[in-house]
Number of protein chains: 2
Amino acid sequence: MELKIKFMKWSAGRPVAILHKKIAERAGIHVDDRIIIRRNSHSIISVVDTAVGMISESEIGVSTEISSGLGLKEGDIVHVDLSLRPESVSLIAKKMECKRLSEKEVREIISDIVKNALTETEIAYFVSAVNLCGMTTNEIKSMIKSIVETGKTLNLGKRIVVDKHSIGGIPGRTTPIVVAICAAAGLIMPKTSSRAITSPSGTADALEVICRVDFTISEIKKIIKKTGACMVWGGSLGLAPADDKIIQVERLLNLDPESQLLASILAKKIAMGSKYILIEIPFGKNAKVNRKEALHLRGKFELLGKSFNLKLKCLMVETDEPAGNGIGPALEIRDVISVLKRESSCYNIESRSLSLAAEILELAGKSKKNQGMKLATSILNSGKAFDKFLEIINAQDGDINHIPVAKFSHDIFADKNSKIKEIDIKKINQLARVLGCPANKAAGIYLWKHKRDKIHQKEKILTLYSDSEIELREAIKFYKKSKPFILK
Amino acid sequence: MELKIKFMKWSAGRPVAILHKKIAERAGIHVDDRIIIRRNSHSIISVVDTAVGMISESEIGVSTEISSGLGLKEGDIVHVDLSLRPESVSLIAKKMECKRLSEKEVREIISDIVKNALTETEIAYFVSAVNLCGMTTNEIKSMIKSIVETGKTLNLGKRIVVDKHSIGGIPGRTTPIVVAICAAAGLIMPKTSSRAITSPSGTADALEVICRVDFTISEIKKIIKKTGACMVWGGSLGLAPADDKIIQVERLLNLDPESQLLASILAKKIAMGSKYILIEIPFGKNAKVNRKEALHLRGKFELLGKSFNLKLKCLMVETDEPAGNGIGPALEIRDVISVLKRESSCYNIESRSLSLAAEILELAGKSKKNQGMKLATSILNSGKAFDKFLEIINAQDGDINHIPVAKFSHDIFADKNSKIKEIDIKKINQLARVLGCPANKAAGIYLWKHKRDKIHQKEKILTLYSDSEIELREAIKFYKKSKPFILK
């Protein structure tokens, strides 16, 4: 049917169209059905809501996602049809039976995710099937290819492009320090990061405290040309739009299935044109994975890396405590700056960053074997890394002088003399989330004490920060209930 | 924060609220977040969209689900807060790891589904976890209890209340005939049916062609008082609102996990106060389940029936072809009326209906063992069943004289002399869905030939019906591609 466009001045996060209830009923279209809206040779798939009174029977109300997606003007005539359930829904059903998908089938699902042809609920079914049934190496390869094909890519020519990725789960930011050292050494490092999935703050969340992290591909090219590196959010780049949507759905349940994690990381590295890649896999009792899972993951990464012709190395790091003192976007970026300024080693942030930078320098041939640490340390100590960091932050329209401080804070003191046997990272992460991380940049936790530290009665052990009094109160309750510090 | 209600005159199928973009940003609320809207002592949980221009910064736009749910007037002041992610999300995550849920945990999930505290995407995660991990008998019992607790119930006192349920998958309607016979025999039969999940037409979809099927509990009581029975849609009754939402999410992927099927059926029977229950389990090569699965299901039904103190019997029926000639709501109800009028046996509809009625008459003590068939047949032949059927349809504000006929039809003829070896029910179901079933009541298939029939070249074998020329063309294409008739 033909309908007249009415702007709703409404951003719904996805294409949403509103039809008059009568018209929808007459056309057999129900709330939450998908329709296809056509204008000339362009089309967009949208979810439907119905209304009475808001729009007339000859109109279709559209969210800004539709009007900008199709370049529409108010009053334009569009052609509207019920969109049939896409073929990929039956492929998701197939995966729900734990059957293998061919490359063509994976590509169909991924391309429908990008085209908005699949709803979030259908994507959730796909994620949970992958989570419970797993994927073969061939399926993961197909995922990587499809994700790269349906996204944008960065071509930096024949220069030595390196990258680093940590599979996360442990708070504390080493990435900005590693990027600063490597770029200062003359390597090209187009670093994209994700926002938090299961942790209180992703690298992108932390960097956003001091600079922009959302750029277009051509803006990034300029930043890299100027500074040799960038530190941006991968999500706004359109590098892997399918993966971005999948992550959005995974977040609802804090899911992060292994095969999706592998595909997500490698697709983004390939799209950015990186050839030399270091993958950090923190493991340990409280990390995302244990030693066995970490070894398994390393095997998978190496196998996939080879098949995509990458120089890929995995660095396994046993960690059973947060890196650094701060947890939460603002508090973590403060730690980073302290290390770069040589004011503090911020517990273990300095040593972890140096190890990672050393590995990359060796992997990319900037130093001989076993000489990477020496080079990395001299770059950090000389202030060159800090200069490079400021140069990059500046190129990304930022500065380090406006880091927010939370409105409310609460100190927690030891109630007896004791020693910290362990810190439960999962509980610490949950605590930071209760405080408002990662949406609230200033929220988080400052650790005054670490593993193996002795603590005296009435000594301050941590400070909680939040911009909401309610969340702070909730967090104090949660702290008392969950006891993240295990004392001996 | 306090905001002023603005009606959007908008029914979105679930509570949806619209905040001004600035206000949402200031409060840290994102698109698709959940908020809690409070007015006096009442509250409702809603999903958020943001808008610019549509509403002012002091207003909140609400869908009709919110305005009617809270009894709001335009301009009312409400209190709006970000709703924390409910505890049940972590319980769904637990089930995703295939861990067992306690009765308390199941109750929490079910009650949050009813309260709209869980989004469809989160429910999809729950459904897929149940689909892939299964549920223990104790978990299913907890599901049944929780579904019944969170819904309405019908109390019909000490009369003999019977019910019948077919686990479906095979087109063809026997239920209205069985209800008519049993009610004519003096039994109380408060039959609730679902709409189609995987088939082209549920019993409720077919009955809706000739009468209302959406009633309140008190209306149903009146219908039963008048006629001894009813044939209504379970979904509008609020008997099992949790189950209704779960089914809505299952439909997206044509899922129907065993444990959910058991819980769904038994919860509704218990809520309706039925004590004598016959479960029909069609099995066979093309049915929903095979013999082994049918036996397994029977065991589960009997175990659960015992634990809820029901007189429950399972009737296993080997079926490998559709019952009756018509497939689709209007065509199926025509078959039912033909049998009741004694005009035709409609292939095997008559014999299947009589077997089911006979079992119920025996189960509830209306006839001696092995005498049920004799009684059922005499009630059908005497015209008492048809009279009772008309009485019920009349009490449900309907009549049988206005059955719609599809606008477009297409006959399919045999292209050679042959014999029908088999009819692929899944493909026939898909074909009917392509034609527009169940939303389009008149759409469907009429089978002129059945299994084991000889067919001659140029003889008519089936007719396709649809109200849409496009869907009819799609269906012809699908028929040619899928070949649902297997000839020998």
Side-chain angles (χ1 to χ4, degrees), chain A residues 7-14 16 18 21 28-33 48-55 61 63-64 81-82 84-85 89-90 92-93 96-98 119-129 131-133 248-249 252-255 430 433-434 436 439-440 467-468 470-471 474, chain B residues 7-14 16 18 21 28-33 48-55 61 63-64 81-82 84-85 89-90 92-93 96-98 118-129 131-133 248-249 252-255 433-434 436 439-440 467-468 470-471 474:
Chain A
F7 281 6
M8 307 308 305
K9 287 180 192 158
W10 169 357
S11 128
R14 62 181 183 279
V16 174
I18 302 171
K21 212 178 172 197
I29 296 170
H30 303 93
V31 165
D32 275 351
D33 272 351
V48 173
D49 273 331
T50 62
V52 174
M54 214 171 173
I55 49 165
S63 69
T64 52
D81 269 318
L82 187 62
L84 292 179
R85 182 176 293 191
V89 169
S90 58
I92 294 174
M96 284 286 286
E97 292 170 23
C98 289
T119 63
E120 282 185 17
T121 309
E122 286 156 348
I123 298 171
Y125 276 123
F126 179 61
V127 168
S128 59
N131 191 61
L132 284 155
C133 307
Q248 202 181 320
V249 171
L252 294 172
L253 229 60
N254 280 358
L255 287 177
Q430 282 178 297
R433 287 213 160 226
V434 173
N440 179 345
D467 274 343
S468 150
I470 298 172
E471 285 172 352
E474 286 291 320
Chain B
F7 282 5
M8 307 310 304
K9 288 179 191 159
W10 169 356
S11 129
R14 60 181 186 278
V16 175
I18 302 171
K21 213 177 168 194
I29 296 171
H30 302 94
V31 165
D32 274 353
D33 271 352
V48 173
D49 273 332
T50 62
V52 173
M54 217 172 171
I55 50 167
S63 69
T64 53
D81 269 318
L82 187 61
L84 291 180
R85 184 176 291 192
V89 168
S90 59
I92 293 174
M96 284 286 285
E97 292 171 24
C98 288
L118 290 170
T119 63
E120 282 185 18
T121 308
E122 287 157 347
I123 299 171
Y125 277 123
F126 179 61
V127 167
S128 59
N131 192 61
L132 284 155
C133 308
Q248 203 181 318
V249 172
L252 294 173
L253 229 59
N254 280 357
L255 287 178
R433 288 214 158 223
V434 173
N440 179 346
D467 274 345
S468 150
I470 298 172
E471 286 172 350
E474 286 290 322

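For clarity, every value in this text was computed on a predicted model and none was experimentally measured.
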When rounded to the nearest 0.5 Å, the distance separating CG of B/Leu255 from CE of A/Met96 is 4.5 Å
Kindly indicate whether the side chain of A/Cys98, heavy atoms from C-beta on, has any atom under 4.5 Å from the side chain of B/Leu132.
yes
Toward chain B, the part of A/Ile55 with a non-hydrogen atom under 4.5 Å:
neither
Give, as side chain, backbone, both or neither, the part of B/Ile123 having an atom under 4.5 angstrom from any heavy atom of chain A.
neither
Per-residue tally against chain A (heavy atom, under 4.5 Å) across B/Ser90, B/Ser128, B/Ser468, B/Ala51 peaks at B/Ser128
side-chain contact (heavy atoms from CB on, under 4.5 Å) involving B/Thr121 - partner list, sequence neighbours excluded
A/Glu120, A/Thr121, A/Ala124, A/Val249, A/Leu252, B/Thr119, B/Tyr125
Output the distance between atom CG (A/Asn131) and atom CD (B/Glu97), rounded to the nearest 0.5 Å.
8.5 Å
Determine the option with the most heavy-atom pairs under 4.5 angstrom with chain B, choosing from A/Ile470, A/Val48, A/Val127, A/Asn440.
A/Val127
